[in-house]
Amino acid sequence: MNARNVRVRFAPSPTGLLHVGNARTALYNWLFARRAGGSYILRIEDTDLERSEERYEDRLIEDLRWLGLDWDEGPDEPGAPASGEFGPYRQSHRQSIYAEHTERLLAEGKAYRCFCTAEELEAERNLASAEHRPHVYSGRCRHLGAAEIERNLAAGQHFAVRLKIADHPLRFHDLVRGVVEFPPEAVSDPILVRSATGASAGFPVYNYSVVIDDALMQISHVIRGDDHIANTPRQVAIYEAFGWPLPEFAHLSTILGADRERLSKRHGATSVSTFREMGYLPEALVNYLALLGWGAEDGRTEIFTLDELTSAFSLERVTPSPAIFDFDKLNWLNRHYLKLAAPPGLAELAWGYLAYHLPPRESAPEALRSWFDRLLAFFVPHVDRLDQLPAKLAFVFGFDPEASRLVDENSAVLSADSSRTVLAEFADRVRAHAGPVRPDDFKRWMNEVKAATGAKGAELFHPVRIALTGAPSGPEFDKLLPLIEDGAALGLGIPSVSERVERFVGV
RNA sequence: GGCGCUAUCGUCUAGGGGUUAGGACGUGAGAUUCUCAAUCUUAAAACCCGGGUUCGAUUCCCGGUAGCGCUACCA
């Protein structure tokens with residue numbers, strides 16, 4: 001490790017829910033910090049007063065915690081002070097810091113006041129477009145004399161503060177892309193502070209405040225989305241103006257939807273909290289996001305816990321090319337982690353999805369809890385996410401004989417003569433039986449029905465399956481029957497096998 | 001328009017001057033099952049195009065093309 005401590009930050013704007021792309025950025029930052037034994041800092045970039053909302057900040061923090069990405073330094077929370085010595089960690093609380101730095105730049109002649117109006121600037125841009133030139137500021141206010149500046153100030157003219165860009169290429173090193181270089185004219189003199197009257201008044205622009213924050217917080221590695229890559233030369237110039245050392249950069253590729261457009265709401269779920277609501281496990285999302293733009297050194301391992309990722313991760317192995325978000329692969333991983341999930345935790349999660357059928361978990365009797373555990377063990381491996389459970393389990397909790405007769409798939413099976421005789425024979429045996437139906441009973445009856453009717457295989461099983469579950473296909477009876485019978489004893493209104501048969505045949 | 005970034009199976013990726021170009025998801029087939037799913041086995045499937053360097057380029061260089069980003073007194 002080099003002499004400089006590794007310090008990284010995740011700096012979201014609380015203007016919406018945490019997008020999976022940002023979650024990946026947060027993850028890579030976290031992994032890099034943990035791997036290096038460095039610090040991971042959370043900074044809230046809430047300078048866009050129009051769009052920033054406190055509730056989004058709360059959700060953000062909740063989502064990061066859910067993913068397991070804890071931070072060493074971050075903003076204060078209700079009732080607790082900020083953690084870390086480089087605060088405040090909200091940009092809205094750092095305005096005086098920015099103002100001081102602006103004074104300094106102005107005093108040192110590294111920045112200047114620009115009195116150009118929006119109209120004048122737009123005219124310049126239009127001209128540049130027409131002449132097929134890059135849109136660069138002419139630098140008109142760069143050489144204003146002191147007298148003229150005083151006059152403008154005295155007249156109360158609004159001004160913005162611009163940085164003087166030096167006449168040399170702006171280059172930086174990117175851990176995932178190598179050296180990136182921009183000619184100075186590609187940058188032009190950027191605005192640092194928005195226009196207003198007063199000494200250095202006005203709000204600093206994003207590109208300016210990030211640099212001040214990153215430098216003051218001693219960030220060693222700036223890991224962020226590649227939509228910032230074209231902003232970086234501007235930022236490099238700001239570091240230079242202050243005489244600050246450049247951090248290392250790492251620009252992560254964009255996450256796209258199946259149509260190769262930036263992943264957005266119309267592609268389906270995009271925010272971490274939506275994935276959580278759908279019943280994705282945090283370990284699945286984390287594992288998937290890690291794989292989206294990074295590959296293990298052996299080229300084949302794909303399943304990683306956060307701990308395993310921490311020791312395997314390196315920025316050098318991050319892919320520079322954009323990646324398409326693949327819901328199928330996420331589903332596969334989620335299934336994997338669902339199967340691995342510890343029963344108590346899983347039951348607690350799953351309970352919420354079936355709350356409609358169940359009493360509150362806290363007040364549920366032990367018999368119900370353990371039955372529910374068995375139910376989950378049996379069905380969870382067959383869903384991609386927890387929110388598919390209600391549909392998958394609908395037939396266990398409720399039973400609608402009339403509706404199931406109307407389903408095309410069912411009526412085709414039921415209309416066969418053999419189905420009628422099979423069901424009649426089956427019903428006779430169920431009626432003659434007292435108490436819950438056990439798998440042994442069921443097996444014996446099916447053999448008898450088979451002998452009595454001559455039906456076998458699907459011809460034999462499908463009608464019975466429809467009568468019991470409302471569908472010709474489904475899970476194995478051996479395990480399903482006890483689940484139904486034990487469930488029926490719980491007083492939740494779950495129909496027993498004999499009730500099902502009675503109601504179905506009676507229709 | 002200008003500038004920049006990117007380019008290996010459908011998708012995520014490994015690899016790298018000479019390889020049968022590897023793995024995973026998904027897809028097809030088979031096994032299993034009353035059935036569906038799960039599971040196991042198996043198959044098909046890729047180096048964007050054109051030049052150059054080289055004995056030899058998918059790999060290095062240049063150009064093209066395409067996708068994306070930036071081009072704001074948004075973040």
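Protein chains get the first letters and strands the later ones, always in sequence-line order, with residue 1 at the start of each.
- Annotation: cation-pi pair R465(A)/F477(A) present, NZ/CZ under 6.0 Å from the ring centroid and within 45° of its normal.
- Within the 4.0 angstrom heavy-atom criterion, base atoms lie near H228(A).
- G30(B) and A44(B): their P atoms are spaced 16 Å apart (whole Å).
- The nearest whole Å value for the distance from the NZ atom in K329(A) to the C1' atom in C25(B) is 5 Å.
- More than 12 heavy-atom neighbours from other residues, nucleotides or ligands sit within 6.0 angstrom of NZ on K164(A).
- A46(B) sits 12 Å from U13(B) when the C1' atoms are compared, rounded to a whole Å.
- Across all strands shown, A37(B) has no partner, as no Watson-Crick or G-U wobble contact with both distances under 3.5 Å is found.
- Here C36(B) presents its P atom at 7 Å from NE2 of H462(A), a figure rounded to the nearest Å.
- The aromatic ring of H135(A) is stacked on the base of G1(B), with the two ring centres less than 5.5 Å apart and the planes inclined by under 30°.
- Applying the 5.5 angstrom centroid cut-off and the 30 degree plane-angle cut-off, the aromatic ring of W332(A) is not stacked upon the base of C25(B).
- Summarising the geometry, the separation between CD1 on I324(A) and C1' on C68(B) is reported as 11 Å, rounded to the nearest angstrom.
- Closest approach to the P320(A) side chain among U39(B), G4(B), A7(B) is made by A7(B) (side chain taken as heavy atoms from C-beta onward).
- When each of C68(B), A72(B), C25(B) is scored by its nearest atom to the side-chain atoms of R125(A), the top-ranked nucleotide is A72(B).
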Next on the checklist: Determine whether D226(A) and T254(A) satisfy the following criterion, side-chain hydrogen bond (donor to acceptor under 3.5 Å, both in side chains), listing intermediate values before the conclusion.
Outcome noted: CA-CA 7 Å; D226(A) 71 353; T254(A) 319; 2.9 Å; yes
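- Within the 4.0 angstrom heavy-atom criterion, base atoms lie near R51(A).
- Among A37(B), U11(B), U6(B), the nucleotide with an atom closest to any side-chain atom of R177(A) is U6(B).
- Residue-level contact check: I191(A) touches the bases, meaning some heavy atom is under 4.0 Å from a base atom.
- Rounded to the nearest Å, the gap between the P atom of G28(B) and that of C34(B) is 23 Å.
- Rounded to a whole Å, the CG atom of L252(A) is 16 Å from the P atom of G69(B).
- For the pair Y206(A) and H228(A), the minimum side-chain heavy-atom distance is below 4.5 Å.
- C73(B) makes up no base pair with any nucleotide shown, lacking Watson-Crick or G-U wobble contacts both under 3.5 Å.
- Listed here is the closest heavy atom pair of A26(A) and L64(A): CB-CD2, 3.9 Å.
- The pair D298(A)-R300(A) does not meet the salt-bridge criterion, since no charged nitrogen lies less than 4.0 angstrom from a carboxylate oxygen.
- Using a 4.0 Å cut-off, no side-chain N or O of K392(A) falls inside it from OP1 or OP2 of A37(B).
- Using a 4.0 Å heavy-atom criterion, one finds that N331(A) contacts no nucleic acid atom at all.
- Backbone-only contact: R317(A) has heavy atoms under 4.0 Å from sugar-phosphate atoms and none from a base.
- Residue G457(A) is classed as a sugar-phosphate contact, given heavy-atom separations below 4.0 Å to backbone atoms only.
- For the C1' atom pair drawn from U39(B) and G50(B), the interatomic distance equals 49 Å after rounding to whole Å.
- Under the Watson-Crick or G-U wobble criterion, with both distances below 3.5 Å, U32(B) is left unpaired in every strand shown.
- Partner assigned to C60(B) is G52(B), using Watson-Crick or G-U wobble distances below 3.5 angstrom.
- The aromatic ring centroids of W332(A) and Y337(A) lie 6.0 Å or more from each other.
- Using Watson-Crick or G-U wobble geometry with both donor-acceptor distances under 3.5 Å, A21(B) finds no partner in any strand shown.
- Take the nearest nucleotide of RNA chain B for Q91(A) and for S253(A): the residue whose nucleotide is more 5' is S253(A).
- Side chain of F477(A), nearest nucleotide from C34(B), U11(B), C73(B): C34(B).
- With both pairing distances under 3.5 Å, A43(B) is matched to U27(B) as a Watson-Crick or G-U wobble pair.
- Comparing the P positions of C3(B) and U19(B) gives an interatomic distance of 39 Å, to the nearest angstrom.
- Within the nucleic acid shown, G225(A) has no heavy atom closer than 4.0 Å to any nucleic acid atom.
- Atom CD in E181(A) sits about 10 Å away from atom P in C5(B), given to the nearest Å.
- Residue S195(A) places its side chain closer to C73(B) than to any other of C25(B), C34(B), C73(B).
- The CG-P distance, from D259(A) to U11(B), rounds to 13 Å in whole Å.
- Residue contacts shown for H132(A) are limited to sugar-phosphate atoms, with no base heavy atom under 4.0 Å away.
- Ranking G23(B), C5(B), U71(B) by closeness to the R234(A) side chain, first place goes to U71(B).
- Of the two residues contacting RNA chain B, namely T301(A) and S473(A), the nearest-nucleotide position lying further toward the 5' end is that of T301(A).
- In this structure, R43(A) fails the cation-pi test against Y89(A), since its NZ or CZ atom is not both closer than 6.0 Å to the six-membered ring centre and inside 45 degrees of the ring normal.
- L121(A) comes within 4.0 angstrom of a nucleotide base, judged by non-hydrogen atoms across all strands.
- Within 4.0 Å of E476(A), counting heavy atoms only, lies at least one base atom of the nucleic acid.
- Across the protein-nucleic acid pair, I255(A) atom CD1 and G67(B) atom C1' stand 16 Å apart, rounded to whole Å.
- If you measure from atom CG of D326(A) to atom P of G10(B), you get 14 Å, rounded to the nearest angstrom.
- T319(A) comes within contact range of the sugar-phosphate backbone alone, with a heavy-atom separation under 4.0 Å but no base atom that close.
- Which of C68(B), U6(B), A75(B) sits closest to the side chain of T254(A) comes down to C68(B).
- Between C55(B) and G23(B), the two P atoms lie 34 Å apart (nearest whole Å).
- Ranking C12(B), C3(B), G26(B) by closeness to the D328(A) side chain, first place goes to G26(B).
- To the nearest whole angstrom, the two C1' atoms, one in G15(B) and one in G52(B), are 24 Å apart.
- Residue E302(A) is classed as a base contact, given a heavy-atom separation below 4.0 Å to a base.
- Nearest nucleotide to the side chain of I229(A), out of G4(B), C70(B), A7(B): G4(B).
- Partner R224(A) forms a side-chain hydrogen bond (donor to acceptor under 3.5 Å, both in side chains) with one of T232(A), N29(A), N231(A) and no other, that one being T232(A).
- Pair assignment for C5(B): G67(B), on the basis of Watson-Crick or G-U wobble contacts that are both within less than 3.5 Å.
- Within the cation-pi definition used here (under 6.0 Å to the ring centroid, within 45° of the axis), R429(A) does not qualify as a partner of F426(A).
- Among the nucleotides U35(B), A38(B), G4(B), the one closest to any side-chain atom of R465(A) is U35(B).
- The residue R260(A) sits close only to the backbone: its heavy atoms come under 4.0 Å of sugar-phosphate atoms, none of a base.
- Using atom P as the reference point in both A24(B) and A14(B), the two lie 15 Å apart (nearest Å).
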